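Data first, discussion second: the structure below is written as structure tokens.
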Amino acid sequence: MFQAAAKTLSVASTTRGILSCIRHFCKKIPTKLRVSEAVSGAGLGEEIKVQGWIRSSRPQKTNLFLHVNDGSCLQSLQIVASSELNNPLLTFGAAVEVTGILKKSPHHRQPVELKANQIRIVGECNSVDFPFKVKERHNFEYLRQFPHLRCRTTNFSSLLRIRSEATAAIHSYFKEKGFVQIHTPVITSNDCEGAGELFQVEPSGPGFEGDENFFSVPAFLTVSGQLHLEVISGAFSKVYSFGPTFRAENSQSRRHLAEFYMVEAEVAFTQSLEDLTKVMEDMFRSATEHVLAHCAVDVDSFHKHVTPGHRDIVNAMLMKKFPVITYSEAIDILNRSSEKFSFPTDWGCDLQTEHEKYLVKHCGNIPVFVTDYPYYLKPFYARDNQDHPEHTAAAVDLLVPGVGELCGGSLREERLDLLRARLEKVGLEETYSWYLDLRRFGSVPHGGFGLGFERYLQCILGVENIKDAIPFPRFSHSCLL
Ligand code: 4AD
């Protein structure tokens, strides 16, 4: 009998356990939303949970107002809580998790607000030591001192979202046009540009002391993926890459980095430079229009608060077809101008930033293509125009307002004899025997270009210093973090 009673009791307690479990799971768990979803009204009337960092905290007599941002969009979500939920640790910069009902806001400044029933402090922030001040828009030069924290600020977080959207836009452009993306190597044994601005890669650490030949040949961080793209374009026709590129340039300029992102395209079966300028112009327009449309709130805020007046410049850039001038015409324009340049403007001299900026202004402050540079100014791969007496190469740069050179490209020398002769002249025919092979086995006219992605962002946003167009800038004498 005892046994039967014990069995009944145990069945009853199991049933109670199951019921309590069901009750527990039937209680609606608040939906976790990103701030971008909440401010656009997703989950209106429901209990939701958001997580983020306090952008402002305003305790009042009966209510506490917080603004919480999680980086998903420019806007912060207004949190309204009874002052009983106030806590001295709810300061600017603190990380919080807020649960409550998402309601229509009675104020027109924001469409919705979160009526909080629970605020959990996830990470405190000592606002006395925190380098940013509430509601202050610090300038980019100040922010640069805090590469580990500047993503928490309004303007820099806008820039990072725009950067992400522009990256997606560029990938979409190439996908739509039938290009295949190629991951070109970061470590390489060639110096594509031949300018000697290489970072050498050597092992370090136990077991490798003094071993400078891990790869058996000198190896470097890539200065350009072009030669590898050329290899693949010889089988895929239209290819592109978008990745980090490295140059040991001892420059503190506002447009040079030691590590930058380059978009490179290579097209086989080209007829002329026009095939390339068309891709460059199309890609520039398509990416810019996409960013202006899909990142409008961030771009508008950036243009308003960081670079007032820049939107008009961007609009003007998109209105007209980009003009094309030859290098010789550019030299004529510079020599006819009354401007005093610091660098010479004789035929044969490389164009300097001051010249590029002047040419852009001269053409109406819109992007301009300069073609057909002196043959010996360009690397060994540039196609010889075989013109006399000037002797130029089929190379093209795209110059843009505020920046100067944004893209550099050329038709490649596809003729075996001419390429071999040029490589022999500089003693590189053995090093590049594989490159000559490409001309031996099914060579076709081809060409391509590279676009500096940070310079592109500088151009469309009006960012003065390239160090503010990349999350973690690397340049000579600086490698923070
Ligand atoms: O003109 P560049 O040197 O061209 C090449 O490397 C070609 N191999 C590309 C190709 O044809 N596939 O570099 C291309 C672009 C420049 O126009 C400039 O925008 C950017 O890369 N760039 C830099 N950006 C930031 N910091 C630097 N140090 C840069 N050097 C070049």
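Order of listing sets the numbers, starting from 1, for every ligand and every atom in it. The model shown is predicted, which means the values in this text are computed figures rather than measured ones.
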Between Lys361 and Glu356, does at least one N-O distance fall below 4.0 Å, as a salt bridge requires?
-> no
Asp417/Arg420 salt bridge by N-O under 4.0 Å criterion = no
Check: His391/Asp384 side-chain N/O donor and acceptor closer than 3.5 Å = yes
Please list every donor-acceptor pair under 3.5 Å in which a side-chain atom of residues 164-171 meets a protein atom from a residue at least two apart or in another chain.
{"from": "Glu165", "atom 1": "OE2", "to": "His290", "atom 2": "NE2", "distance (Å)": "2.8"}
{"from": "Thr167", "atom 1": "OG1", "to": "Arg163", "atom 2": "O", "distance (Å)": "2.7"}
{"from": "His171", "atom 1": "ND1", "to": "Tyr240", "atom 2": "OH", "distance (Å)": "2.6"}

Can the ring centroids of Phe380 and Tyr432 be said to lie less than 6.0 angstrom from one another?
-> yes
What are the distances between nitrogen or oxygen atoms of ligand 1 and protein nitrogen or oxygen atoms, counting only those under 3.5 Å?
{"from": "ligand 1", "atom 1": "1 (O)", "to": "Glu405", "atom 2": "OE2", "distance (Å)": "3.0"}
{"from": "ligand 1", "atom 1": "3 (O)", "to": "Arg247", "atom 2": "NH1", "distance (Å)": "2.9"}
{"from": "ligand 1", "atom 1": "3 (O)", "to": "Arg247", "atom 2": "NH2", "distance (Å)": "3.2"}
{"from": "ligand 1", "atom 1": "6 (O)", "to": "Glu193", "atom 2": "OE2", "distance (Å)": "3.4"}
{"from": "ligand 1", "atom 1": "6 (O)", "to": "Arg247", "atom 2": "NH2", "distance (Å)": "2.8"}
{"from": "ligand 1", "atom 1": "8 (N)", "to": "Glu193", "atom 2": "OE2", "distance (Å)": "2.6"}
{"from": "ligand 1", "atom 1": "8 (N)", "to": "Ser224", "atom 2": "OG", "distance (Å)": "3.0"}
{"from": "ligand 1", "atom 1": "8 (N)", "to": "Gln226", "atom 2": "OE1", "distance (Å)": "2.7"}
{"from": "ligand 1", "atom 1": "11 (O)", "to": "Gln226", "atom 2": "OE1", "distance (Å)": "3.4"}
{"from": "ligand 1", "atom 1": "11 (O)", "to": "Arg412", "atom 2": "NH2", "distance (Å)": "2.8"}
{"from": "ligand 1", "atom 1": "12 (N)", "to": "Glu264", "atom 2": "OE1", "distance (Å)": "2.7"}
{"from": "ligand 1", "atom 1": "12 (N)", "to": "Phe449", "atom 2": "O", "distance (Å)": "3.4"}
{"from": "ligand 1", "atom 1": "17 (O)", "to": "Glu405", "atom 2": "OE2", "distance (Å)": "2.6"}
{"from": "ligand 1", "atom 1": "17 (O)", "to": "Leu406", "atom 2": "O", "distance (Å)": "3.2"}
{"from": "ligand 1", "atom 1": "19 (O)", "to": "Leu406", "atom 2": "O", "distance (Å)": "2.8"}
{"from": "ligand 1", "atom 1": "19 (O)", "to": "Gly452", "atom 2": "N", "distance (Å)": "3.3"}
{"from": "ligand 1", "atom 1": "26 (N)", "to": "Leu257", "atom 2": "N", "distance (Å)": "2.9"}
{"from": "ligand 1", "atom 1": "28 (N)", "to": "Glu249", "atom 2": "OE1", "distance (Å)": "2.5"}
{"from": "ligand 1", "atom 1": "28 (N)", "to": "Leu257", "atom 2": "O", "distance (Å)": "3.0"}

Phe146, Phe92, Trp53, Phe156 screened by ring-ring contact (aromatic ring centres under 6.0 Å, His included) with Phe132, the one that passes | Phe146
